[in-house]
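Being a predicted model, the structure only gives us computed values, none of them experimental. FYI, the numbering just counts along the sequence from 1.
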Amino acid sequence: MFNSLSDRLTATFKNLRGKGRLTEADVDATVREIRRALLDADVAVPVVREFTGRVRERALGAEVSAALNPSQQIVKIVNEELQEILGGETRRIRLAKNGPTIIMLAGLQGAGKTTLAGKLSKWLKAQGHSPMLVACDLQRPNAVTQLQVVGQRANVPVFAPHPGATSTELDQPAGDPVAVARAGVEEARQKLHDVVIVDTAGRLGVDADMMEQARQIRRAIVPNEVLFVIDSMIGQDAVNTALAFDEGVNFTGIVLSKLDGDARGGAALSVASVTGKPVMFASTGEGLDDFELFHPDRMASRILDMGDILTLIEQAEKAWDKDEAARMAKKFADQEDFTLEDFLAQMQQIRNMGSMKKMLMMMPGAQNIRQQLEQFDEREIDRVEAIVRSMTPHERLAPKIINGSRRARIARGSGVHVSEVNGLLERFAQAQKMMKKMAQGGMPGMPGMPGLPGAGGGARKNAKNAPKKKAKSGNPAKAAQERKEAEARRANAAKALPTGAAFGQQGGDFDPSQLNLPKGFDKFLGK
């Protein structure tokens, strides 16, 4: 959604790198580019004017002039101001103290309210709640049926006493939406559902009759939350639509739908700032699981290409099998070989997290490789899995036995070329070596660290260039002379040391025996 805006802002900040001091002309040029980027992203003009004004005022202030790195300070200011126009803080649903929490959905026709009702109910169910859907959209043809299908997929009950319009918009709705909403809340109360989600009919901001119907539903059920669902691809008209609905139903929060689209995303940056109401949720795809709590700070980081590691961690914690993770940790600690069976299990864990593209786009600096990520084929994971599953259990545990005939058989079984099987086995062999090196306490190509078992990835390589120690002489007189010279060198080195020690010892002699060191260890201390 924000790819174009992110590219423009990232390019703008690159021009500031390496400057030890920013002049007023530098700040003005940066603010000018930020203004153009926001206007190109369809952000409302009043929001752009206010945003750039605050950025310029802070950029010319003491916090930038006194900073060690002024360019990074500018990025920090833009990040904080982006968070403010996106709502400032994460806003969660206010749950009712007594009785069910009532959530009413309102928005334009085609904004995606019905699908979002199913996503919200599934998300709430995963949080430990017992939601129920109420079908009050009796205007749109088959809207009730659609909600029932969505509720079935989310495994959430749907209260739908009337079928509504079934064929055309000219059909008269078979029921009163206000009465259905009131009856639905009562049904939820009797059946002990703690959350009720009321799906209302889509309406235009200029449709006075439909807006009055929404007001009547609100007065009848007295919802704890009224969520305004807005299409993120709507563009500049988002502000007018949001203001009309705020006046009509006085919504308490905003839900951004279709955030995975390729539009410029100005609605997301405009609505919260103009209405003063927070963005609470975001719909990021067509699946029922493509739904997340909206965090202004994380969204600002995504826009500025700083990544969203926290969301990535949350998704991993939700999808990762703790038993499998514990098994792999034990195997890693015991320095056992990483097998293709383990590789297959790890792939299954990654698949449970969702789209690889979405996960990789949450990494810092992902905008620099966006073209490569867009060309990434999600089916590549399926092909790799097919190759591994075409192997016998013994081949997965001991891939070294896979010769030419076995590779040809695996390629036929998985429907790929032999070269793809060869490539997978080569990459796996490299990964296996790296895992073994990490388990031993080092990394390939890195110098060893003293005190770690098996460490020394680069120790043997560096040993070639190290000066060779002088061999001891076989002549007793000459050996005694060498010992005297070594003692003299140690004594001179000790005199050259500063009197203050790193751990607080200030001058004077100190006795190594006080440290209870192993026998013979004092020779390393020059004693």
Side-chain angles (χ1 to χ4, degrees), residues 1-89 232 234-240 242-243 256 262-276 278-279 295-308 361 364-371:
M1 172 62 72
F2 298 108
N3 288 341
S4 176
L5 176 61
S6 183
D7 289 344
R8 293 285 298 271
L9 292 178
T10 304
T12 300
F13 296 138
K14 278 182 180 177
N15 297 330
L16 297 176
R17 292 178 185 172
K19 293 190 176 182
R21 180 177 174 274
L22 295 182
T23 64
E24 186 173 349
D26 293 330
V27 173
D28 288 340
T30 302
V31 171
R32 193 181 308 117
E33 289 300 319
I34 293 173
R35 182 185 298 112
R36 289 174 180 170
L38 293 173
L39 290 174
D40 286 346
D42 263 347
V43 181
V45 175
V47 177
V48 174
R49 191 178 294 120
E50 183 181 358
F51 177 82
T52 52
R54 287 201 302 263
V55 170
R56 186 179 188 278
E57 181 181 354
R58 291 183 60 184
L60 293 175
E63 62 178 309
V64 172
S65 60
L68 294 176
N69 193 325
S71 61
Q72 290 183 359
Q73 197 69 19
I74 294 286
V75 176
K76 177 176 178 289
I77 291 172
V78 173
N79 184 34
E80 292 173 353
E81 294 299 331
L82 270 177
Q83 293 180 33
E84 285 300 315
I85 68 172
L86 288 170
E89 297 180 354
S232 300
I234 195 174
Q236 285 281 353
D237 196 47
V239 172
N240 296 330
L243 290 174
L256 299 174
D262 56 358
R264 291 173 287 185
L269 297 175
S270 303
V271 175
S273 180
V274 170
T275 62
V279 180
H295 300 276
D297 54 342
R298 301 183 191 181
M299 184 56 68
S301 295
R302 290 191 204 182
I303 293 173
L304 296 178
D305 197 23
M306 297 178 183
D308 188 359
M361 286 302 293
Q367 293 294 336
N368 296 330
I369 56 170
R370 193 178 72 241
Q371 288 186 349

Drop me the distance from [X]'s [atom1] to [Y]'s [atom2], to the nearest 0.5 angstrom.
X: Q83; Y: E80; atom1: CD; atom2: CD; value: 7.0 Å
X: T52; Y: R32; atom1: OG1; atom2: CZ; value: 11.5 Å
X: I77; Y: I34; atom1: CD1; atom2: CD1; value: 9.5 Å
X: L60; Y: D26; atom1: CG; atom2: CG; value: 10.5 Å
X: L82; Y: D297; atom1: CG; atom2: CG; value: 11.5 Å

Strictly below 4.0 Å, N to O, side chains only: are R54 and E84 in salt-bridge contact?
no

Among E81, R56, R35, which residue satisfies the side chain to side chain contact (heavy atoms under 4.5 Å, CB included) criterion with F51?
E81

Please determine which of L256, L86, V279 meets the side chain to side chain contact (heavy atoms under 4.5 Å, CB included) test together with M299.
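Exactly one candidate clears the test, L86.
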
Answer yes or no: is there a donor N or O on one side and an acceptor on the other, between the side chain of S270 and the main chain of V43, under 3.5 Å?
no

Minimum heavy-atom separation for A272 to I85, with atom names?
CB-O, 3.7 Å

Heavy-atom pair of closest approach, residues E89 and P296:
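Nearest heavy atoms, E89 then P296: O-CG, 3.7 Å.
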
Can you check side-chain contact (heavy atoms from CB on, under 4.5 Å) on L39 and V45, steps first, answer last?
CA-CA 7 Å; L39 290 174; V45 175; 4.1 Å; yes

